[in-house]
Amino acid sequence: MKAPSALVLASASPRRLELLQQAGIEPERLLPSDVDETPERSEHPRHLARRLARLKALKAYEALKGRGETPGRFTLGADTVVAVGRQILPKAEIEDEAIESLRLLSGRTHRVFTGVCVVSPNGRVREKLSETRVRFKRLSRDDLSRYIDSGEWQGKAGGYAIQGLAGAFVVRLIGSYTGVVGLPLYETLALLQGEGFVLGPLAADASV
């Protein structure tokens, strides 16, 4: 049996790390990529998610290449964008941003786009996009107040984390739950295996 491949995750997100570990993949290292996440003029949410995932993966790959560390290593980048129509919601950093986003999401359906990009050891780039529709219940003042007080919204696209208290807001979800959390596992494993990534025993057993 071949030894498991090495993976470098171009993210500092604990959610993405936990999802990979859930799939039986333990990244060799985390190499977060600092990129400008500002949408381009009139940029569609799905294009933004794909573009940022690619930028993050390639920046980490180039950093490894500059140190002569690319042989045998796959690089993975991802980015999640929450949108209502073509309106891209921010990654909430202050309460007002989170409140505004949650009020916009209240009682309606929105889309969550997560782009995934894998750069193989030879520099080949492959990408996938996960698109999920999520409908929230109508949020009461108490719902908003309790959620804002929790602090779970900080740094989250759309001002919420579905794996926390906001899971109770979801009336319907069509698509990838793990994509909404931050890394669609089906798409990610398909990309990696398509490029020859060798899974460890636990991940191989889990895919049966």
Looking at Asp79 and Lys91, is any side-chain nitrogen of the basic one under 4.0 Å from a carboxylate oxygen of the acidic one?
yes
Could you measure the distance from the CG atom of Leu64 to the CD atom of Glu28? Nearest 0.5 Å is fine.
8.5 Å
What's the verdict on side-chain contact (heavy atoms from CB on, under 4.5 Å) for Tyr160 and Phe169, showing C-alpha distance, side-chain angles and the deciding distance?
CA-CA 10 Å; Tyr160 76 93; Phe169 301 161; 5.7 Å; no
Please name the pair of heavy atoms, one in Ser11 and one in Ser13, separated by the smallest distance, quoted to 0.1 Å.
OG-N, 3.0 Å
Identified side chain to side chain contact (heavy atoms under 4.5 Å, CB included) partner of Thr188 from the options Thr178, Val116, Val118:
Val116
Over 12 non-hydrogen atoms of neighbours within 6.0 angstrom of CD in Glu100
no
Assess the residue pair Asp142 and Ser140 against the criterion (side chain to side chain donor-acceptor pair (under 3.5 Å)); give the C-alpha distance rounded to whole Å, side-chain angles, the decisive distance to 0.1 Å, and a yes or no.
CA-CA 5 Å; Asp142 285 345; Ser140 67; 5.2 Å; no
Side-chain contact test, heavy atoms from C-beta onward, threshold under 4.5 Å: evaluate it for Val8 versus Pro27 and give yes or no.
no
Any chance you could lay out the salt bridge (Lys or Arg N to Asp or Glu O under 4.0 Å) test for Glu69 and Arg29, step after step, and finish with the verdict?
CA-CA 12 Å; Glu69 297 178 359; Arg29 76 180 80 167; 2.8 Å; yes
Any non-hydrogen side-chain atom of Thr70 less than 4.5 Å from a side-chain atom of Val119?
no
Do side-chain atoms of Arg16 reach the backbone of Gly182 as a donor and acceptor pair under 3.5 angstrom?
yes
Could you please spell out the steps behind the side-chain contact (heavy atoms from CB on, under 4.5 Å) verdict for Arg50 and Arg46?
CA-CA 6 Å; Arg50 291 178 67 111; Arg46 64 166 52 90; 5.6 Å; no
Assess whether side chain to side chain donor-acceptor pair (under 3.5 Å) is satisfied between Thr80 and Thr114, documenting all intermediate values.
CA-CA 4 Å; Thr80 300; Thr114 297; 3.0 Å; yes
Show the numbers, then the answer: is there a side-chain contact (heavy atoms from CB on, under 4.5 Å) between Ile25 and Phe197?
CA-CA 11 Å; Ile25 299 175; Phe197 186 90; 4.2 Å; yes
Does the pair Lys156/Glu93 count as a salt bridge with the N-to-O cut at 4.0 Å?
no
Do Leu102 and Val180 belong together in a cluster built from hydrophobic side chains that touch within less than 4.5 Å?
yes
Quick check: does any side chain N or O of Glu152 sit under 3.5 Å from a backbone N or O of Leu165, one acting as donor and the other as acceptor?
yes
Counting distance only, does the side-chain N/O of Arg135 pair as donor-acceptor with the main-chain N or O of Val170 below 3.5 Å?
no
Can any side-chain N or O of Gln22 pair as donor or acceptor with the backbone N or O of Leu19 at less than 3.5 Å?
no
May I ask you to test the Glu37-Lys56 pair for a side-chain heavy-atom distance under 4.5 Å?
yes
Check the surroundings of atom CZ in Arg141: do more than 12 heavy atoms from other residues, nucleotides or ligands lie under 6.0 Å from it?
no
Mark yes or no for whether Thr132, through its side chain, and Ser176, through its backbone, hold a donor-acceptor pair below 3.5 Å.
yes
Are Val181 and Leu192 co-members of a hydrophobic cluster defined by side-chain heavy atoms under 4.5 Å apart?
yes
Is it true that Asp143 and Lys137 make a salt bridge, defined as a side-chain N closer than 4.0 Å to a carboxylate O?
yes
Cluster check Leu7, Leu183: I/L/V/M/F/W/Y, side chain < 4.5 angstrom
yes
Quick one: closest heavy-atom pair of Pro39 and Arg51, and the distance?
CA-NH2, 4.1 Å
Shortest non-hydrogen contact from Leu105 to Phe136?
O-CB, 3.4 Å
List the atom of Leu129, the atom of Ala49, and the distance in Å for their closest heavy-atom pair.
CD1-CB, 4.0 Å
Does the His110 side chain pair with the main chain of Ala83, one donor and one acceptor, at a distance under 3.5 Å?
no
Counting distance only, does the side-chain N/O of Ser101 pair as donor-acceptor with the main-chain N or O of Leu89 below 3.5 Å?
no
Indicate the atoms forming the closest heavy-atom contact of Ala10 with Gly77, along with that distance.
CB-CA, 4.3 Å
Taking Val84 as the starting point, is it possible to reach Trp153 by hopping between hydrophobic residues whose side chains are less than 4.5 Å apart?
yes
Atom of Tyr61, atom of Pro121 and distance for their closest heavy-atom approach:
OH-O, 3.7 Å
ILVMFWY network linking Leu55 to Leu9, side-chain heavy atoms under 4.5 angstrom
no
Any side-chain heavy-atom pair from Leu185 and Glu187 closer than 4.5 angstrom?
no
Is it the case that the side chain of Lys128 and the backbone of Cys117 share a donor-acceptor pair, with hydrogens and angles ignored and the cut-off at 3.5 Å?
no
How many angstroms lie between CG in Leu139 and OG in Ser145, if you round to the nearest 0.5 Å?
12.0 Å
In the structure I gave you, are the side-chain heavy atoms of Thr109 and Val134 within less than 4.5 Å of one another anywhere?
no
Side-chain donor or acceptor of Arg86 paired with backbone N/O of Ser42 under 3.5 Å
yes
Once rounded to the nearest 0.5 Å, what's the spacing between atom OG of Ser33 and atom CZ of Arg54?
13.5 Å
Can a donor-acceptor pair be found, under 3.5 Å and without considering hydrogens, that links the side chain of Ser106 to the backbone of Arg103?
no
Counting only heavy atoms not in Asp34 (residues, nucleotides, ligands), do more than 12 fall under 6.0 Å from its CG?
no
